[in-house]
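First the structure, in the form of structure tokens, and then the observations on it.
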There are 2 protein chains.
Amino acid sequence: MARRTKQEADETRVTLLDAAEQVFLERGVARASLDEVARVAGCTRGAVHWHFRDKLGLFLALDERLLLLQDAVCCRLDICPDRPVLPAMAETLCAALEELENNPRRRRLLTIMLQRCEYVAEMAPALERRREADGRMRARLAELFTAAAARGELAACWRPERAALFLFALVNGFLHEWLRGDADFTLSGEVCASVRGFLGACAAAPAGAEGPPRC
Amino acid sequence: MARRTKQEADETRVTLLDAAEQVFLERGVARASLDEVARVAGCTRGAVHWHFRDKLGLFLALDERLLLLQDAVCCRLDICPDRPVLPAMAETLCAALEELENNPRRRRLLTIMLQRCEYVAEMAPALERRREADGRMRARLAELFTAAAARGELAACWRPERAALFLFALVNGFLHEWLRGDADFTLSGEVCASVRGFLGACAAAPAGAEGPPRC
DNA sequence: GTAAAGATACCTTCGTGTATGTATATATAG
DNA sequence: CTATATATACATACACGAAGGTATCTTTAC
């Protein structure tokens, strides 16, 4: 009813977020009603409005769940002095893809953000956060490619920013297709193979028989 | 006013579609009201409901506009007996990308379908059509890669279906990023270069020094 | 006691569906 | 060639529910 302990209140908040995750996924963000979110969470709209300002606030709180996970991947993309950069990068990315494949919550969150949300004017704050998160990811990838280039581990025909953009678009394209639900491929299979393939292909050839831009 | 001539009625229909294109883009499909669509078109909801069953009907009619354009590209992806397949493919795709870049209507339509629409249960027919259209495109690409392989124009490490999926994901990933609006790249520039680069890279090497799966 | 944590109630706004009104184009009969 | 009938192409009006915001209770921890 009311004034549970602080801990119970936090649990209510989590329950509401879980419910929002489910309802947003099923109905889409725009069509979802706060009342249904509340009912699924086993409480009323009063609780929703207590914990979150409005629907956008609820959505942004959900978005943070995903951002934390995404930035965690970003942090794991680091440079190990004694290992070649690109293969390490491939392993980190593939590990993240496998984690996504096996973590239903993560998949649901990504589905909501990419396919259950119309990024119009009222959702501007959400769009901005997505933009920044993707910007950070691309920047991180570019840093790694730059480091690889500095070490002579990147084929000369690839400029680091280009390679980062290429890889980013490739993975995102796969993700969009995969999230649609009836994909005839898996993240741990075809997608990881493609990522490894690309990073292998744009690695500097040991012997330098460089033809026209083959990559 | 009523019972205009058949031609005038058709013009009204087109005007409504144009209005829907604008309103859906601005407000998103879910939040858009049929009344606003009608007002933008300079008529009332009566006209909307006369020409289209409901909002989904209107949306599907809009979708057809894009499908026609998309399938046109599909058709242009054909096999010319006296030219290598992959370079021809690259040119067709790049031409389509440039057309998209220079055709605002096309861009608006694609933005609506990819970023202003929540594909939930009620939108199932729309989702199905998107799926089929994308399926046709992927199948067409796969056919071309298969033909290239049969002619010995595809590097052995690439299976045709894999190559088609890779290319499809790559382009779609670029498109999603580009449609978001603040892209730091262009379709005619970086994206076309990437498409050409990939198709060049997976072409069979003239001399057969095939190492580990470098592609 | 008081403030946190929600429940309940009320109001308002908006959007849709449908029903009905209406004027005109077009077909058809004579 | 008219006159009439009918289907077409909308406009208008109404009823209805859904959803959100806000204000006001209620309970309970501290």
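Every value quoted in this text rests on a predicted model; they were computed, and no experiment measured them. Numbered from 1 within each chain, the chains take letters A, B, ... in sequence-line order.
Residues from residues 23-37 of chain A that place a heavy atom under 4.0 Å from any atom of DNA chain C: there are none. DNA chain D is contacted by B:C43, B:T44, B:G46, B:A47, B:W50, B:H51 of residues 40-56 of chain B, taking any non-hydrogen atom closer than 4.0 Å.
In this view, B:D134 and A:R180 satisfy the salt bridge (charged side-chain N to carboxylate O under 4.0 Å, His left out) rule, not counting sequence neighbours. The salt bridge (charged side-chain N to carboxylate O under 4.0 Å, His left out) check on B:R27 picks up B:E36, with sequence neighbours excluded. In this view, B:F166 and B:W158, B:F198 satisfy the ring-ring contact (aromatic ring centres under 6.0 Å, His included) rule, not counting sequence neighbours. When the salt bridge (charged side-chain N to carboxylate O under 4.0 Å, His left out) test is applied to B:E122, the partners found at least two apart in sequence or on another chain are A:R31. With sequence neighbours excluded, the residues satisfying salt bridge (charged side-chain N to carboxylate O under 4.0 Å, His left out) with A:R39 are A:D35.
Spacing between atom CZ of A:R13 and atom P of C:dG6 amounts to 11 Å, rounded to whole angstrom units. Atom P of nucleotide D:dA9 and atom CD of B:E11 are separated by 13 Å, given to the nearest angstrom. Separating the CD atom of B:E8 from the P atom of C:dA25 is a distance of 8 Å, rounded to the nearest angstrom. Between the NZ atom of B:K6 and the P atom of D:dT8 there is a distance of 9 Å, given to the nearest Å.
Put simply, B:T12 has no side-chain N or O that comes within less than 4.0 Å of OP1 or OP2 on D:dA9.
Using a 4.0 Å cut-off between charged nitrogen and carboxylate oxygen, B:R13 and B:D18 do not count as a salt-bridge pair.
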Donor-acceptor pairs are to be reported for all side-chain atoms of residues 85-98 of chain B against protein atoms at under 3.5 Å, with residues two or more places apart or in another chain.
unit_1 : atom_1 : unit_2 : atom_2 : d
B:E91  : OE1    : B:R196 : NH2    : 3.2
B:E91  : OE2    : B:R196 : NE     : 3.1
B:T92  : OG1    : B:A88  : O      : 3.1

For a quick test of your reading: what N or O donor-acceptor pairs under 3.5 Å do the side chains of residues 50-59 of chain B make, sequence neighbours left out?
unit_1 : atom_1 : unit_2 : atom_2 : d
B:D54  : OD1    : B:L56  : N      : 3.3
B:D54  : OD1    : B:G57  : N      : 3.0
B:K55  : NZ     : B:V29  : O      : 2.9
B:K55  : NZ     : B:A30  : O      : 3.0
B:K55  : NZ     : B:A32  : O      : 2.8

